[in-house]
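Step one of this worksheet: look at the structure below.
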Amino acid sequence: MSSDEMIKRYQAGGGRLAAAAAEGVAVPPALKTALVTCMDSRIDTFTLFGLQLGEVHVLRNAGGVVTDDTIRSLTISQRQLGTRDVLLVQHGGCGLSTFTDEDFSESLAAETGMRPAWRTHAFSDPMTSVRRDMAQLRHDPFLHPDTTVRGFVLDIETFVLEEVFLPDA
């Protein structure tokens, strides 16, 4: 689907439907939860967790990894809109497991003549990646001290969630 197709769908009534669905929904998420997950287009977070509009903040990026921008968004979500729980969901078969940061950076440098200032946060094992990101979130000074962080790996074929635990938890 191209962006033109998306605009056609908007013009055919998408905007009106979205406005109707959002009417009366409060800005702070009702479940006081933020979900961090991958941008993989196969993952329908609302269906996966049985969510309704207005219940959670959904933050998506390549891999569902914790980046500086993820921390920025979570801090705003918590400090301005009252969320306290963070669900971190990465998945098996993720595209970020098909290359390394260094390989990607070198490829971009060869094509453009410069390396990106950012990292991809590529990983080989989603369980390890989730553990590292959970540890980072639990120790971030900007997140609310009462933050609860839970991590999961989603099997992208069966859609079974496996919870990930930190060794000290």
Side-chain angles (χ1 to χ4, degrees), residues 1-92 94-96 118-121 123 126-127 129-156 158-166 169:
M1 175 191 313
S2 69
S3 59
D4 289 340
E5 178 62 25
M6 292 174 64
I7 297 302
K8 285 179 189 173
R9 292 181 185 190
Y10 164 80
Q11 292 168 338
R16 288 187 305 281
L17 290 172
E23 188 174 340
V25 174
V27 174
L31 297 179
K32 299 189 180 313
T33 300
L35 169 64
V36 178
T37 193
C38 186
M39 66 185 192
D40 190 308
S41 62
R42 298 171 290 179
I43 302 172
D44 179 349
T45 58
F46 283 83
T47 300
L48 184 64
F49 292 104
L51 297 171
Q52 301 296 315
L53 198 61
E55 289 186 317
V56 301
H57 282 156
V58 180
L59 308 175
R60 297 181 79 146
N61 65 32
V65 294
V66 174
T67 64
D68 288 345
D69 195 57
T70 305
I71 299 281
R72 179 188 70 86
S73 294
L74 288 172
T75 302
I76 294 166
S77 175
Q78 290 192 336
R79 302 295 181 152
Q80 296 300 117
L81 296 163
T83 61
R84 290 297 176 265
D85 292 351
V86 177
L87 241 62
L88 178 61
V89 179
Q90 296 177 13
H91 67 92
C94 183
L96 278 189
W118 40 264
R119 293 184 50 226
T120 64
H121 297 271
F123 54 83
M127 294 291 252
S129 179
V130 169
R131 274 190 202 94
R132 287 176 181 157
D133 287 349
M134 288 173 66
Q136 181 181 351
L137 290 174
R138 287 188 177 169
H139 295 99
D140 192 279
F142 298 111
L143 296 185
H144 196 278
D146 295 336
T147 300
T148 299
V149 179
R150 292 180 70 184
F152 297 85
V153 172
L154 175 69
D155 182 310
I156 198 66
T158 64
F159 285 84
V160 171
L161 282 174
E162 182 176 353
E163 190 157 10
V164 177
F165 298 95
L166 290 176

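Counting from 1, the numbers follow the sequence of the chain as shown. The shown structure was predicted, so the numbers you read here are calculated from the model rather than taken from an experiment.
- One distance of note links CZ of Arg84 with NZ of Lys32; it measures 8.0 Å at 0.5 Å rounding.
- In summary, the side chains of Ser73 and Thr70 do not present any donor paired with an acceptor at a separation below 3.5 Å, with no hydrogens or angles considered.
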| said: Checking Thr37 against Thr45 for the side-chain contact (heavy atoms from CB on, under 4.5 Å) test, could you report, in this order, the C-alpha distance in whole Å, the side-chain angles of both residues, the deciding distance, and whether it holds? | reply: CA-CA 8 Å; Thr37 193; Thr45 58; 3.6 Å; yes
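- The shortest side-chain heavy-atom distance between Val65 and Gln90 falls under the 4.5 Å cut-off.
- Here the NE2-CD1 distance, from His57 to Ile76, works out to 10.0 Å after rounding to the nearest 0.5 Å.
- Listed here is the closest heavy atom pair of Cys94 and Gly63: SG-CA, 3.8 Å.
- Of the inter-residue distances, the one linking Arg132 atom CZ with Leu88 atom CG reads 13.5 Å to the nearest 0.5 angstrom.
- Phe46 CZ: more than 12 foreign heavy atoms inside a 6.0 Å radius.
- Distance check: Arg16 CZ to Gln11 CD gives 10.5 Å after rounding to the nearest 0.5 Å.
- Between Phe152 and Leu87 there is a side-chain heavy-atom pair separated by less than 4.5 Å.
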| task | Assess whether side-chain contact (heavy atoms from CB on, under 4.5 Å) is satisfied between Glu162 and Met127, documenting all intermediate values. | result | CA-CA 9 Å; Glu162 182 176 353; Met127 294 291 252; 3.2 Å; yes
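- A donor-acceptor pair shorter than 3.5 Å can be found between the side chains of Thr147 and Gln78.
- More than 12 heavy atoms of other shown residues, nucleotides or ligands fall within 6.0 angstrom of atom CD in Glu163.
- Residue Arg42 holds its CZ atom at 13.0 Å from CG of Leu48, rounded to the nearest 0.5 Å.
- In this structure, the side chains of Ile43 and Val89 stay at 4.5 Å or more apart for every pair of heavy atoms.
- Heavy-atom minimum distance, Ser77 versus Ala34: OG-CB, 4.2 Å.
- One N or O on the side chain of Arg60 and one on the backbone of Asp40 form a donor-acceptor pair closer than 3.5 Å.
- A donor-acceptor contact shorter than 3.5 Å is absent between the side chain of Asp155 and the backbone of Val160.
- Side-chain atoms of Phe159 and Asp44, non-hydrogen and from C-beta on, never get closer than 4.5 Å to each other.
- Between Leu143 and Arg79 the shortest side-chain heavy-atom distance does not fall below 4.5 Å.
- Side-chain contact between Leu35 and Leu59 is absent, with no heavy-atom pair separated by less than 4.5 Å.
- Using a 4.5 Å heavy-atom cutoff, the side chains of Asp69 and Asn61 are not in contact.
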| request: Take Leu31 and Leu51 through the side-chain contact (heavy atoms from CB on, under 4.5 Å) test and state the conclusion after the steps. | output: CA-CA 10 Å; Leu31 297 179; Leu51 297 171; 4.0 Å; yes
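- To the nearest 0.5 Å, atom CD1 of residue Ile71 and atom CG of residue Asp140 are 4.0 Å apart.
- In this structure, the side chains of His121 and Phe123 stay at 4.5 Å or more apart for every pair of heavy atoms.
- No side-chain N or O of Thr33 forms a donor-acceptor pair with one of Thr83 less than 3.5 Å apart.
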